[in-house]
Each structure stands twice: as structure tokens, then as C-alpha cells.
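A short write-up of the structure that comes next.
What you see below is based on every heavy atom in this structure, not just the backbone, and it leaves out hydrogens, waters and symmetry mates. Computed from a predicted structure; not experimentally measured.
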There are 2 protein chains.
Amino acid sequence: MGRGKIEIKKIENTTNRQVTFSKRRSGLFKKAKEISILCAADVGVIVFNSTGRLFDFASSSMKRLLERYRNASGGRAWNNEYEQMLSQFRNLKKENEELQKELSCVTGEDVGTLAPNQLDFLEGNLVLAAKKARERKIEVLKYERRKTESKVIGLQQKCSILREWLSNPEIPEEYDLDNSGGQTPPPPGFRRQPNQPNLQGGG
Amino acid sequence: MGRGKIEIKKIENTTNRQVTFSKRRSGLFKKAKEISILCAADVGVIVFNSTGRLFDFASSSMKRLLERYRNASGGRAWNNEYEQMLSQFRNLKKENEELQKELSCVTGEDVGTLAPNQLDFLEGNLVLAAKKARERKIEVLKYERRKTESKVIGLQQKCSILREWLSNPEIPEEYDLDNSGGQTPPPPGFRRQPNQPNLQGGG
DNA sequence: CCAACTATATATAATGC
DNA sequence: TGCATTATATATAGTTG
């Protein structure tokens, strides 16, 4: 319907395609609006152009229309994602309940429903778990002790270095060792390299 | 576009409305198809007529179109139900993960990440839980023992009744005690009250 | 790139069977 | 009720500014 008849196939010229899209889109939406009014219909139109931009029209509310569509189509053409999520949701919920139950059993909160042999098994597991926790605790404590020890050794070394340094007569005057406020002097071995005797060699 | 111009307002005549709906619906779908082909667009049309019947058209797949629409519209006109479920879903998932972690900690499977004081706490809890399980087990066992004992006592009573009954010369002839097939005689103490001596009083 | 403008193709309201 | 016809209203392709 225009000056010349056109074949219904993709318009290759980009600008031409965009112009036609714009015109026909408004035409489509107009028709949708008309049928909705004339025939008391609920109409929704969704269009993505070739560049992926979205245009839509809804005679009432797209949200309500789509909800209605989901009910009416009965999953036929409905969103797989939705259905999948629904089943996953149910699974998760079930799993969650089981976990919670298991957890309450395992902490001894809800042991009322268990049979003696189950209780026996549970007790064994708990004792084992407690043992594991204890072992791990000891391991960690040992590790921390080693760390502390090596720290102490390091401090002792520094201390002996400091002592040696103090017994050294070459104390520069600008360092006031009794100064408790203000800036502390830089620790020996880090800042006094320029005028310090070689401690490593000096023993 | 027809013999006469019509005003765009609801057609009150039902049959007329239905006819117009049918014609315009096919026209709308045709236009949707044309724009999708001409302009390489992705188009979907959803229509409910005034009686609530659903008609739809999609250039590709309505399912994919609606998924795409959900992404593109960014929840603007999207299904509340869906969004709500999505957030609930995320919460559940998170909760689930936490439960699982907690459970694996509590069973001593994954204690590697815990600090010594946490381990201490865990150990205490596990010992307590084990104790609870043990207590419950003992309780259940005691209960079952009591049940068994009372059963034994009941059996002993029945036994003594039977013994007394056997030593009683007034055995009715219709009772065949060696009868292994057929109907068993009614147990003493329940059916023979009429011609039985008072056992409670008799000692 | 947009709007206005035709000339023409299409859609469809009214009609008839 | 539903389909075919037809006269007319609309939509729009191509064109112009």
C-alpha cells in the first residue's frame, strides 16, 4: 500500500528498513489500539527492532496482560525459565527443610523422633566430630604457639642487638632513650646504619 | 476502511463485534508478521477477546520473546509474581548454603576455617549434643525395658492364671487344649468369668 | 534524519447469499 | 452462522523539501 507494491521480504537498505519500521510500528500499535477499543479486547504488542531496541504497546497493563497470558496459555508457550525456577524452588525448599531437620538432630535439639540404634549412630558421630574439633583446635593452638615462639625468638634477637647497641659508647646525642612522649627513636638496625658499627660482624 | 466510516468506540452489537474482532485480529497478525519480515524485527502480539479467549502471534517464539522482554524491560512492566519468587529463591539458596556449611562444621567435616575459640565452642556443643543423644538413648532404652518388663509381668500373670485354670477341675468339655488348628479357645481370664473362682481374692 | 505529501496497495464495513 | 463481494477508508512506499 503505497506508490509501489513491495515484496514481503527483508529490506536490505538499512535506512529504508528503519523508516519502514517506524511507520509500520506506529500503524501496528494504532491497529492494536483500535481493536482493543472496538472489540473490548485486551491487547499487548511487543516489538524488538533489528538493532535490539524494545517497543511495546498494551491496551491496559502489560504486567497484568502477561500474568493473564501465563495462566491462559497454561505453560504452553510460557517461559521455561519460570517453570524451571519453580521446580528448582520447590526442590530447594524441600532440601532446606531436610537440612534443618538434620541439623537439629545433629545438635541434639530434636532427638525425640529417633530410634535407639539411630541415637547410637548419632552419638558415635558426635563424639567423632567432637574429637575432630578437639584435634583441629590442638593443631591450631600448636601452630599459633610455634608462631608466637618464633616471634619471641625474633624479639629476643632484637633485644640482644639493642642491648649490645646500648653498651656501645658511640651513642649519638640526639637520641634520648628515656623519652616516653613524642617520637620514639627509630629502632636500632633499621635507621642508624650510617653511623652504626657493623653488628653482624662485631658479634 | 470499508463501505462506511466507523467511529473508534466499543461496538455494542455482539455479533458485529465478534465479526469485526475476527477480521481485525487476522489483519493485526498479518501486519505483525509483515513488519517482522520486512524489518527483521522480533514481534509478539497477545490478544484476549471480550469473552476472555486468548489469541496470540509471535514471529519467532513467544517464550524467547517474553524472556527477552523481561530482560529488556528490566522489571518495569514485569510480572510481580516472578520477581517475588526470584528474590525468595535467592534467599533460600543463601540460607541453604549457610545451613550446609553449618552442618559440615558441626559434623567436623570442615573445621579448617575456624579459629581456636570457635573450635572450642564447637567442641563443647558437640560434646553436649553427644551427651544429649546418649541421655535420650538411655531414656528410650529404659522406656523400652519398662515396656518389656510390663509385658513380661502381663505374661507371667496370664501364665499363672492359665496354670490355676489348668489345675481347676471344672474344665468345660468344649475346650480342646491340644487343638492346634481351627479356632483357639478364648484366653482364660477373659471369657470364663462366669464359672471361674475369684483369683484376686484367692491368692 | 524527519516531516509532509501523494499515489497506490491493503484492510475492512457493509452487503448479499 | 459463515463466507464471498465490493465500495470505501486507511496505511504506507516512494518522493520531496
Side-chain angles (χ1 to χ4, degrees), chain A residues 1-62 65-66 68-69 72-73 76-77, chain B residues 1-62 65 68-69 72-74 76-77:
Chain A
M1 41 196 166
R3 289 279 176 109
K5 184 171 180 170
I6 56 160
E7 206 185 341
I8 301 299
K9 67 172 188 182
K10 183 177 172 183
I11 299 168
E12 297 297 343
N13 182 314
T14 308
T15 42
N16 202 348
R17 187 170 65 232
Q18 283 184 342
V19 170
T20 296
F21 178 80
S22 186
K23 285 183 177 179
R24 279 180 175 260
R25 171 170 52 81
S26 66
L28 188 68
F29 287 179
K30 188 180 174 189
K31 291 254 171 228
K33 187 174 184 176
E34 285 181 358
I35 196 177
S36 79
I37 294 171
L38 285 168
C39 308
D42 201 0
V43 184
V45 183
I46 293 170
V47 185
F48 288 94
N49 73 4
S50 58
T51 66
R53 193 171 154 200
L54 168 66
F55 303 85
D56 65 349
F57 165 83
S59 60
S60 60
S61 135
M62 186 61 88
L65 186 84
L66 292 181
R68 202 176 164 190
Y69 181 72
S73 66
R76 170 169 55 84
Chain B
M1 37 194 169
R3 289 279 178 106
K5 183 170 179 172
I6 55 160
E7 205 184 341
I8 301 299
K9 68 172 186 183
K10 183 179 173 182
I11 299 167
E12 297 298 342
N13 181 313
T14 309
T15 45
N16 202 347
R17 187 169 65 231
Q18 283 183 342
V19 169
T20 295
F21 178 79
S22 187
K23 285 183 178 180
R24 279 181 174 262
R25 169 170 52 80
S26 67
L28 187 67
F29 287 0
K30 189 180 174 187
K31 291 256 174 226
K33 186 174 185 175
E34 285 181 356
I35 196 178
S36 78
I37 294 171
L38 286 167
C39 308
D42 201 0
V43 184
V45 183
I46 293 170
V47 185
F48 288 94
N49 72 3
S50 58
T51 67
R53 192 171 154 200
L54 167 66
F55 303 85
D56 65 347
F57 165 83
S59 61
S60 61
S61 135
M62 186 61 89
L65 186 83
R68 204 175 163 191
Y69 180 72
S73 66
R76 168 168 54 86

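- Side-chain atoms of A/S22 never come within 3.5 Å of backbone atoms of A/V19 as a donor-acceptor pair (strictly under, hydrogens ignored).
- Proximity of a side-chain donor or acceptor of A/T20 to a complementary backbone N or O of A/R17 within less than 3.5 Å is not detected.
- Between B/N49 and A/D42 the shortest side-chain heavy-atom distance does not fall below 4.5 Å.
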Find every protein N or O atom lying less than 3.5 Å from an N or O atom of nucleotides 3-5 of chain D, and list the pairs.
none

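- The shortest side-chain heavy-atom distance between A/L66 and B/Y69 falls under the 4.5 Å cut-off.
- Think of the region where chain B sits on DNA chain C: with heavy atoms and a 4.0 Å cut, that region ends 5' and 3' at C/dA11 to C/dA14.
- Partner of A/E34 under the salt bridge (Lys or Arg N to Asp or Glu O under 4.0 Å) criterion, chosen from B/R25, B/K9, B/R24: B/R24.
- Using a 4.0 Å heavy-atom distance criterion, A/S22 is classed as making no nucleic acid contact.
- Toward the 5' end of DNA chain D, the nearer of the two residues B/K31 and B/M1, judged by each one's closest nucleotide, is B/M1.
- Of the two residues contacting DNA chain D, namely B/K5 and B/L38, the nearest-nucleotide position lying further toward the 5' end is that of B/K5.
- Side chains of B/V47 and B/F21 form a contact here, defined as non-hydrogen atoms less than 4.5 Å apart.
- A 4.5 Å side-chain heavy-atom check between B/V45 and B/D56 finds every atom pair outside the cut-off.
- Nearest-nucleotide positions on DNA chain C place B/E34 closer to the 5' end than the other of B/E34 and B/N16.
- Donor-acceptor pairing under 3.5 Å is lacking for the side chains of A/T14 and A/N16.
- The separation between A/K33 atom NZ and D/dA11 atom C1' is 17 Å, rounded to whole Å.
- Remark: A/R68 qualifies as a cation-pi partner of B/F48 under the 6.0 Å distance and 45° angle criteria applied to the six-membered ring.
- Atoms CZ (A/R17) and P (D/dA13) sit 14 Å apart, rounded to a whole Å.
- Following rounding to the nearest Å, B/I35 (CD1) and D/dA11 (P) show an atom-to-atom distance of 14 Å.
- Regarding B/K30, its NZ atom lies at a distance of 13 Å from the C1' atom of D/dT12, rounded to whole Å.
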